[in-house]
Visitor: 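I am attaching a structure below and will ask some questions about it afterwards.
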Amino acid sequence: MTDAMARVALVSGGSRGIGRAVVRQLAHDGFDVGFCYRSSEEEAREVEKEVADLGRRALARRADVRDADSVRAWIQRTEDALGPIDAAVTSAGITKDNPLLLMRDEDWHAVLDTNLDGVYNVCRAVVFGMMKRKSGVIVNLSSVAGVLGHATQTNYAASKAGIDGFSRSLAKEVGRYGIRVNSVAPGFIETDMTGALNEQVLEKARQQIALRRVGQPQEVADLVSFLVSDRARYITGAVLRIDGGISL
Ligand code: NAP
C-alpha cells in the first residue's frame, strides 16, 4: 500500500493495554494511526515509535475523552496530519470498583464520564465526516461485565451496557451511509486494569473461564482488526464477546 492509499485509524486510549495492541495491529494492517492518552506520555511515545518501525505514521496526542472540546481538538489535529478517519476504535476506559453501598459519587461519575461519555464524544466527533464520505467503521470496547453484571462494578457495568446500547442504536442510524458500528466485549484480559488483582482472585477467575486462562491484549486486537476490515463487511450492531468462555 502506498502512502497515497493509506487508510487512517483513530484509537482512544492507545498508550497501554488493549488500545496499545490495537494501535500496533492496525498499523500492521496498513493504517496510519492517531491515538490519544490521558497521562502516559512515555508509553505513548514508545507506541509512536513501534508504529514508525512498522513503516506507518502515528500521531499520539494527550486528550481527555471526558472532555468534548479536548476530543474535538485531538481529532481535528489527527485529520490535519493524517487525513480523514476511516476507522475509530474507543478503548479508553477505567474502573473504580466498590459495592454500591460504599460507592462514592465521584467514582460513579468518573467511570460513566470516561467510559460512556468518552465513547459518545469520540463517535460524535467522527460520525459526520464518515457520513459525508459514506463509509467508516467504529468499534467500541465494552465488556462482558455489561452483559452479565459484576458485583462491585455497578458503575463499570452500567457504562459498558450503555456502550452496547449506544453501538446498536448508532449502527441502525448510520448503516444507510455505509458505516458499520460494533461493540467488542472482552472478558478477563491481562493489562494494567486487571494487573492490580491478587493471585487468589486471578485463580478464581481462571476457574470460571472455559479455556482456563486469561486473554491477551493481542487476542482482542485481532478481533478488532477483523471487524475493521472488509472481511466483516456484513457485521454491524453486534456485541462480540471475547472472553475464553467465561460467559458460558
Ligand atoms: P488499561 O490498560 O488500564 O489502559 C487504559 C487506556 O485508557 C490507557 O491508554 C489510558 O491512558 C486511557 N485512558 C483512561 N482514561 C482516559 C481518559 N479520560 N482520556 C483518555 N484516555 C484515557 O485498560 P485496558 O485493560 O487496556 O482496557 C481497555 C478497554 O477495554 C477499556 O475500555 C476497558 O474497560 C475494556 N475492557 C478491559 C478488560 C480487561 O480485562 N483488561 C475487560 C473488558 C473490557 P493513560 O495511559 O494515559 O492512563
Side-chain angles (χ1 to χ4, degrees), residues 10-25 33-48 60-75 78 88-97 107 109-122 125 139-150 153 155-164 166-167 183-197 201-202 205-206 208-209 213-221 223-224 239-244 246-247:
L10 185 89
V11 180
S12 73
S15 50
R16 293 185 290 114
I18 293 169
R20 182 177 184 148
V22 168
V23 171
R24 275 196 308 245
Q25 183 58 46
V33 190
F35 68 93
C36 80
Y37 60 97
R38 183 185 43 182
S39 55
S40 302
E41 173 87 33
E42 203 179 314
E43 287 88 342
R45 297 299 155 221
E46 284 168 18
V47 180
E48 270 188 327
R61 300 291 291 180
R62 187 190 295 269
D64 189 333
V65 295
R66 292 172 297 183
D67 175 356
D69 289 339
S70 171
V71 168
R72 275 194 291 266
W74 161 49
I75 291 174
T78 304
V89 180
T90 60
S91 189
I94 59 168
T95 52
K96 287 193 183 288
D97 299 352
D107 289 348
H109 289 297
V111 168
L112 269 291
D113 291 355
T114 305
N115 297 4
L116 188 54
D117 290 28
V119 167
Y120 163 74
N121 287 332
V122 173
V139 179
N140 296 317
L141 265 295
S142 62
S143 168
V144 290
V147 182
L148 305 176
H150 195 269
Q153 289 196 321
N155 51 357
Y156 184 75
S159 73
K160 296 302 186 177
I163 290 172
D164 291 344
F166 175 95
S167 297
S183 280
V184 163
F188 212 108
I189 309 299
E190 193 176 332
T191 67
D192 294 341
M193 187 176 271
T194 49
L197 301 172
V201 176
L202 276 171
R206 276 194 287 267
Q208 291 167 351
I209 301 169
R213 65 171 179 84
V214 301
Q216 294 302 314
Q218 182 58 45
E219 293 172 319
V220 182
L223 176 56
V224 173
V239 177
L240 287 146
R241 299 184 198 181
I242 174 161
D243 63 3
I246 200 170
S247 56

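Start at 1 and go down the list; that is how both ligands and their atoms are numbered. We count residues from 1, following the sequence as given.
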Visitor: Strictly below 4.0 Å, N to O, side chains only: are Arg45 and Glu42 in salt-bridge contact?
Guide: no
Visitor: Are any of the N/O atoms in Tyr37 less than 3.5 Å from those in ligand 1?
Guide: no
Visitor: Within the structure provided, determine whether Gln216 and Ile189 are in side-chain contact (heavy-atom separation under 4.5 Å).
Guide: no
Visitor: What's the spacing between Ile163 CD1 and Ser183 OG if we round to 0.5 Å?
Guide: 7.0 Å
Visitor: Can you tell me which portion of Glu190 lies within the under-4.0 Å heavy-atom range of ligand 1? Options are side chain, backbone, both, or neither.
Guide: neither
Visitor: Could you tell me the residue and atom name of the protein heavy atom closest to atom 26 (O) of ligand 1, and the distance to it rounded to 0.1 Å?
Guide: Ile18 N, 2.7 Å
Visitor: Considering only heavy atoms of Ser39, which atoms of ligand 1 have at least one such atom less than 4.0 Å away?
Guide: 45 (P), 47 (O), 48 (O)
Visitor: Determine, using heavy atoms of Gly215 and all atoms of ligand 1, whether some pair is separated by less than 4.0 Å.
Guide: no
Visitor: Before signing off on this row, confirm whether Ser143 and ligand 1 have an N or O atom pair separated by under 3.5 Å.
Guide: no
Visitor: To check your reading of the model: name the closest protein heavy atom to atom 24 (P) of ligand 1, its residue, and the distance in Å.
Guide: Thr191 OG1, 3.7 Å
Visitor: Could you establish whether Gly195 and ligand 1 come within less than 4.0 Å of each other, counting only heavy atoms on the residue side?
Guide: no
Visitor: Where do Thr95 and Gln153 land on the side chain to side chain contact (heavy atoms under 4.5 Å, CB included) test, with the steps shown first?
Guide: CA-CA 8 Å; Thr95 52; Gln153 289 196 321; 3.9 Å; yes
Visitor: Any N or O of Asn115 that comes nearer than 3.5 Å to an N or O of ligand 1?
Guide: no
Visitor: Any chance you could measure Asp64, atom CG, to Asn121, atom CG, to the nearest 0.5 Å?
Guide: 9.0 Å
Visitor: Can you find a heavy atom in the side chain of Leu141 that is under 4.5 Å from one in the side chain of Pro186?
Guide: yes
Visitor: Select one of side chain, backbone, both or neither to describe which atoms of Asp64 lie under 4.0 Å from any atom of ligand 1, heavy atoms only.
Guide: both
Visitor: Given Gly93, Gly13, Ser159, identify the one with the heavy atom nearest to atom 5 (C) of ligand 1.
Guide: Gly93
Visitor: Given that the side chain starts at C-beta and the backbone is N, CA, C, O, which of these parts of Tyr156 lies under 4.0 Å from ligand 1, counting heavy atoms, or is it both or neither?
Guide: side chain
Visitor: Are any of the N or O atoms of Ile189 closer than 3.5 Å to those of ligand 1?
Guide: yes
Visitor: Using a strict 4.0 Å cut-off to heavy atoms of Phe188, name the atoms of ligand 1 that fall inside it.
Guide: 40 (O)
Visitor: Would you say Gly19 and ligand 1 have an N/O pair spaced under 3.5 Å apart?
Guide: no
Visitor: With heavy atoms under 4.0 Å as the rule, classify the contact between Ser142 and ligand 1 as side chain, backbone, both or neither.
Guide: backbone
Visitor: Return the CG to OG distance between Leu148 and Ser143, rounded to the nearest 0.5 Å.
Guide: 8.5 Å
Visitor: Look at atom 13 (N) of ligand 1 and say which protein heavy atom is nearest, naming residue and atom and giving the distance to 0.1 Å.
Guide: Ala92 CB, 3.8 Å
Visitor: Can a non-hydrogen atom of Ser12 be found less than 4.0 Å from any atom of ligand 1?
Guide: no
Visitor: Considering only non-hydrogen protein atoms, determine which one is nearest to atom 9 (O) of ligand 1 and report residue, atom name and distance to 0.1 Å.
Guide: Ser15 OG, 2.7 Å
Visitor: Out of all atoms in ligand 1, which are within 4.0 Å of some heavy atom of Ala63? Include the element for each.
Guide: 19 (N), 20 (C)
Visitor: Under a 4.0 angstrom heavy-atom cut-off, which atoms of ligand 1 come close to Pro186?
Guide: 42 (C), 43 (C), 44 (C)
Visitor: With a 4.5 Å limit on heavy-atom distance, are the side chains of Arg62 and Glu41 in contact?
Guide: yes
Visitor: Check each of Gly187, Ser91, Gly17 against atom 29 (C) of ligand 1 and report the one with the nearest heavy atom.
Guide: Ser91
Visitor: Test your reading of the structure: does Thr114 have an N or O sitting under 3.5 Å from an N or O of ligand 1?
Guide: no
Visitor: Report yes or no: does Glu41 have a heavy atom closer than 4.0 Å to ligand 1?
Guide: no
Visitor: To the nearest 0.5 Å, how far apart are CG in Asp107 and CG in Asp97?
Guide: 9.5 Å
Visitor: When you compare the side chain of Thr78 with that of Phe35, does any pair of heavy atoms fall below 4.5 Å?
Guide: no
Visitor: With a 4.5 Å cut-off on side-chain heavy atoms, are Leu202 and Phe188 touching?
Guide: yes
Visitor: How long is the span from the CG atom in Leu112 to the CG atom in Leu116, to the nearest 0.5 Å?
Guide: 6.0 Å
Visitor: Please confirm whether Val65 comes within less than 3.5 Å of ligand 1 when only nitrogen or oxygen atoms on both sides are compared.
Guide: yes
Visitor: Does the side chain to side chain contact (heavy atoms under 4.5 Å, CB included) test come out yes or no for Val65 and Cys36, once each step is laid out?
Guide: CA-CA 8 Å; Val65 295; Cys36 80; 4.1 Å; yes
Visitor: Can you pull out the closest protein heavy atom to atom 1 (P) of ligand 1? Residue, atom name and distance to 0.1 Å, please.
Guide: Arg16 NH1, 3.8 Å
Visitor: Apply side chain to side chain contact (heavy atoms under 4.5 Å, CB included) to the pair Asn140 and Val184, showing each step before the final yes or no.
Guide: CA-CA 6 Å; Asn140 296 317; Val184 163; over 6 Å; no
Visitor: Taking all non-hydrogen atoms of both residues into account, name the closest pair between Asn115 and Val119 and its distance.
Guide: O-CG2, 3.2 Å
Visitor: Under the side chain to side chain contact (heavy atoms under 4.5 Å, CB included) criterion, do Arg38 and Ile94 qualify, and how do the steps go?
Guide: CA-CA 11 Å; Arg38 183 185 43 182; Ile94 59 168; 3.9 Å; yes
Visitor: Nearest to atom 32 (O) of ligand 1, what protein heavy atom do you find, and at what distance?
Guide: Lys160 NZ, 2.8 Å
